[in-house]
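Just so we're clear, the structure is a prediction, and the values are computed from it rather than from any experiment. Sequence positions, counted from 1, serve as the residue numbers for this chain.
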Amino acid sequence: RQNAACQSWQRRTMQKESWENDMQHFAAFEDKKDELSAEHGAYMQAHPELQQLMGDFLQYLLQRKPDNVAQAAATFFSQFKEDAPEAR
């Protein structure tokens with residue numbers, strides 16, 4: 001079993017190295033990464049409450065250490081639920 005896991009890791013590592021050596025794909029990846037980083041930063045600046053909300057959520061999880069994080073997230077965020085969904 002361990003041998004199969006090692007081979008799988010080696011295969012993924014070789015694929016990653018091959019992809020990183022393909023300059024065209026790597027450049028496209030870097031461009032997209034920069035674009036998304038700028039978009040995400042702009043969104044966070046436009047919504048400063050996001051950082052506070054996520055900090056509160058992380059603190060909620062770390063204090064409770066739930067086995068089912070998805071259920072804990074549903075419980076935490078249900079307190080913000082409104083009757084009608086907000087339009088995007």
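Summarising the local packing, CD of Gln63 is surrounded by more than 12 heavy atoms from other residues, nucleotides or ligands at distances under 6.0 Å. Asp67 CG: 12 or fewer foreign heavy atoms inside a 6.0 Å radius. Heavy atoms from other residues, nucleotides or ligands lying under 6.0 Å from CZ of Phe80 number more than 12.
Among all heavy-atom pairs drawn from Lys65 and Leu62, the shortest one is NZ-O, 2.7 Å. In terms of heavy atoms, Leu61 sits closest to Pro66 at O-CD, 3.4 Å.
Judged by distance alone, the side chain of Ser78 and the main-chain N or O of Thr75 form a donor-acceptor pair under 3.5 Å.
Rounding to the nearest 0.5 Å places CZ of Arg64 at 9.0 Å from CD of Gln59. Taken to the nearest 0.5 Å, the CD atom of Glu30 stands 9.5 Å off from the CE atom of Met23. Between the CD atom of Gln45 and the NE2 atom of His40 there is a distance of 14.0 Å, given to the nearest 0.5 Å. Rounding to the nearest 0.5 angstrom, the gap separating the NZ atom in Lys33 from the CZ atom in Phe29 is 5.0 Å.
Note on ring orientation: taking the six-membered ring where Trp is involved, the planes of Phe57 and Tyr60 are parallel (angle under 30°, cut-offs 30° and 60°).
Tracing side-chain contacts under 4.5 Å through hydrophobic residues (I, L, V, M, F, W, Y), one reaches Leu53 starting from Tyr43; they form part of the same cluster.
Asp56 has its side chain within reach of Phe76: a pair of non-hydrogen atoms, C-beta onward, lies under 4.5 Å apart.
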